[in-house]
Amino acid sequence: MKFGIEFVPNEPIQKLCYYVKLAEDNGFEYCWITDHYNNRNVYMALTAIAMNTNKIKLGPGVTNPYVRNPAITASAIATLDELSGGRAVLGIGPGDKATFDTLGIEWVKPVTTLKESIEVIRKLLAGERVSFEGKVVKLAGAALAVKPIQKKVPVYVGAQGPKMLETAGMIADGVLINASNPKDFEAAIPLIKKGAEAAGRSMDEIDVAAYACMSVDKNSEKAKQAAVPVVAFIAAGSPPVVLERHGIDEEKVNKIREALKKGDFGTAFGTVDDTMLEAFSIYGTPEEVIEKCKKLAEMGVTQIVAGSPIGPNKETAIKLIGKKIIPA
Ligand SMILES: C[C@H](OP(=O)(O)OC[C@@H](O)[C@@H](O)[C@@H](O)Cn1c2nc(=O)[nH]c(=O)c-2cc2ccc(O)cc21)C(=O)N[C@@H](CCC(=O)N[C@@H](CCC(=O)O)C(=O)O)C(=O)O
């Protein structure tokens, strides 16, 4: 099992560099930085992290093909790969509607846009001069003047929907699935497999990553409480099919949604129950978390990404994961 770590760049980048270096020293193999316009810039964060680490693979987890032209993303990834000595990975997903509404971006045919974007990004990174007349993406003789170090920068797709998962199976080197519970992978992996088989690929070529809300501490209750705020947001953003899958009370989720909209975090977090915590997070002592990771491995998960909050105390949690969970 590979371990990654996710950071939302909502703290000063210097602090982020400290955490990622600590993660690298504790055996984490991947660092994924989220890409939302309102946080610190994803590529500036990755640049600083690349300069402060020397082993961990790193990349956006995940960017999208709407806020930047695919050629700009290709240039950023080639630059990151050169700067990091060949450690870049590209995590790219369809982005989210709320963000695009805020930015006045039309969310046109996300599956097609993602497929076409990945196709042209790979050609550009391979040093080709690209002319492409897609249904959405258009390039006329674009070429990079910077070459990545890696012959093939791995491309991971951030996906949850069935079509997106199938598409990931067809074209991606890895899939980053925002999920923490075996039931979600029971549903997702057959779809990835269907896409892989349709493209004549084997699942061995695909790194299936659980992009999980994780909270680790020696004290299980403290770990559980630290996961509550993140789980509230995940529950609020989950479609009915996911709530049904986990037997989650939709009434309660609607109450959380309303409370979050009003900024009433007390009610929102107070409404989170154990069913939601089990569904949307991996929390507990190292021993408890090891058991949950083993269940994900049995489902075919090959990378576990420790996502927010990581633990009540990030530093302690990174060390606990490194010392107790990664070697297990
Ligand atoms: C487009 C969407 O795909 P989805 O996989 O459900 O997208 C949900 C999230 O994965 C998506 O919002 C991600 O960008 C969210 N996301 C992040 N989003 C961000 O903006 N920033 C992040 O840092 C981020 C990190 C992240 C990490 C892991 C992860 O799994 C997701 C992450 C969807 O609705 N898919 C459906 C419908 C498909 C569809 O849209 N069909 C098209 C027709 C087909 C075509 O597009 O050609 C249509 O209806 O128009 C499906 O897959 O079945």
Side-chain angles (χ1 to χ4, degrees), residues 4-10 16 30-46 58-68 73 76 89-103 105-119 134-137 155-172 174-181 184-185 187-192 194-195 198 206-214 230 233-234 236-243 245 280-281 296 301 303-308:
I5 194 161
E6 173 236 27
F7 288 104
V8 177
N10 55 10
L16 216 48
Y30 289 81
C31 165
W32 301 100
I33 302 296
T34 62
D35 182 8
H36 295 97
Y37 80 94
N38 53 325
N39 284 323
R40 288 160 185 76
N41 179 275
V42 60
Y43 289 114
M44 295 176 85
L46 286 164
L58 69 169
V62 295
T63 186
N64 66 74
Y66 294 91
V67 292
R68 293 176 198 89
T73 297
V89 284
L90 169 59
I92 187 166
D96 62 13
K97 191 158 176 353
T99 303
F100 298 141
D101 289 347
T102 311
L103 301 184
I105 294 174
E106 211 197 331
W107 205 23
V108 173
K109 300 182 82 56
V111 176
T112 304
T113 304
L114 195 72
K115 253 190 310 199
E116 294 183 352
S117 301
I118 291 173
E119 187 176 341
K135 292 197 187 102
V136 180
V137 173
V155 177
Y156 284 63
V157 165
Q160 271 142 308
K163 265 200 207 145
M164 202 53 80
L165 288 164
E166 248 187 80
T167 303
M170 292 170 78
I171 61 173
V175 200
L176 295 166
I177 304 173
N178 240 336
S180 308
N181 187 289
D184 298 309
F185 292 92
I189 290 182
L191 289 162
I192 300 169
K194 187 176 161 206
I206 302 170
D207 185 7
V208 178
Y211 213 79
C213 159
M214 187 172 277
V230 179
F233 280 95
I234 295 174
S238 295
V241 64
V242 171
L243 300 178
R245 185 185 298 154
F280 298 134
S281 72
L296 290 174
V301 169
Q303 178 178 160
I304 291 180
V305 180
S308 314

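These values consider heavy atoms only, across backbone and side chains, with no hydrogens, waters or symmetry-generated copies. First listed ligand is number 1; within each ligand, the first listed atom is number 1.
Protein non-hydrogen atoms do not reach within 4.0 Å of atom 48 (C) of ligand 1. Protein heavy atoms are found less than 4.0 angstrom from atom 17 (C) of ligand 1. Inside a 4.0 Å radius of atom 34 (O) of ligand 1 there is not any protein heavy atom. Protein non-hydrogen atoms do reach within 4.0 Å of atom 10 (O) of ligand 1. Shown here, atom 37 (C) of ligand 1 is out of close reach of the protein: none of its heavy atoms lies under 4.0 Å off.
Annotation for ligand 1: atoms under 4.0 Å from non-hydrogen atoms of T112 are 45 (C), 46 (O), 47 (O). Close contacts between ligand 1 and W107 involve ligand atoms 1 (C) [criterion: under 4.0 Å to a heavy atom]. In summary, the atoms of ligand 1 found under 4.0 Å from a heavy atom of I177, numbered by their order in the structure, are 30 (O). Set against the non-hydrogen atoms of K109, the atoms of ligand 1 under 4.0 Å away are 46 (O), 47 (O).
Here the closest non-hydrogen pair linking T113 and V137 is O-CG2, 4.2 Å. For the residue pair N64 and D35, the shortest heavy atom distance occurs at N-OD2, 4.3 Å. Taking all atoms of both residues into account, the shortest heavy-atom contact from L16 to V8 is CD1-O, 4.4 Å. The shortest heavy-atom contact between V301 and Q303 is CG1-O, 3.3 Å. The two residues C213 and S180 come nearest to each other via the heavy atoms N-OG, 3.3 Å. Contact detail for M164 and A159: the closest heavy-atom pair is CG-CB, 3.5 Å.
At least one donor-acceptor pair closer than 3.5 Å links the side chain of E116 to the backbone N or O of V136. Between the side chain of Y43 and the backbone N or O of T73 there is no donor-acceptor pair closer than 3.5 Å.
Taken from CD in Q160 to CG in L176, the straight-line distance is 10.5 Å, to the nearest 0.5 Å.
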Next item on the list: Evaluate the side-chain contact (heavy atoms from CB on, under 4.5 Å) criterion for residues I33 and L58: first the C-alpha distance (whole Å), next the side-chain angles of each, then the deciding distance (0.1 Å), finally the verdict.
Entry: CA-CA 8 Å; I33 302 296; L58 69 169; over 6 Å; no

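Side chains of S308 and E6: a donor on one and an acceptor on the other come within 3.5 Å. Between the side chains of Y37 and T99, no donor N or O sits under 3.5 Å from an acceptor N or O.
Relative to atom 44 (C) of ligand 1, the option among D35, T34, V111 with the closest non-hydrogen atom is V111. Nearest-heavy-atom check against atom 4 (P) of ligand 1 across P162, G161, G95, G158 picks out G161. One option in I92, N64, V67, V62 has a heavy atom closer to atom 32 (C) of ligand 1 than any other, and that option is V62. For atom 8 (C) of ligand 1, the choice among Q160, K163, M164 with the nearest heavy atom turns out to be Q160.
Looking from atom 7 (O) of ligand 1 to the surrounding protein, the closest heavy atom is P94 CG, 3.5 Å. Remark: minimum distance from atom 40 (O) of ligand 1 to any protein heavy atom is reached at P110 CG, 3.4 Å. The protein non-hydrogen atom at the shortest distance from atom 30 (O) of ligand 1 is L176 O, 2.8 Å. Closest to atom 27 (C) of ligand 1, if we only count protein heavy atoms, is Y211 CE2, 3.5 Å.
Ligand 1 has no atom lying under 4.0 Å from any heavy atom of T99.
Residue N178 places at least one N or O, backbone or side chain, under 3.5 Å from an N or O of ligand 1.
Contact annotation: for H36 versus ligand 1, heavy atoms closer than 4.0 Å belong to the side chain alone.
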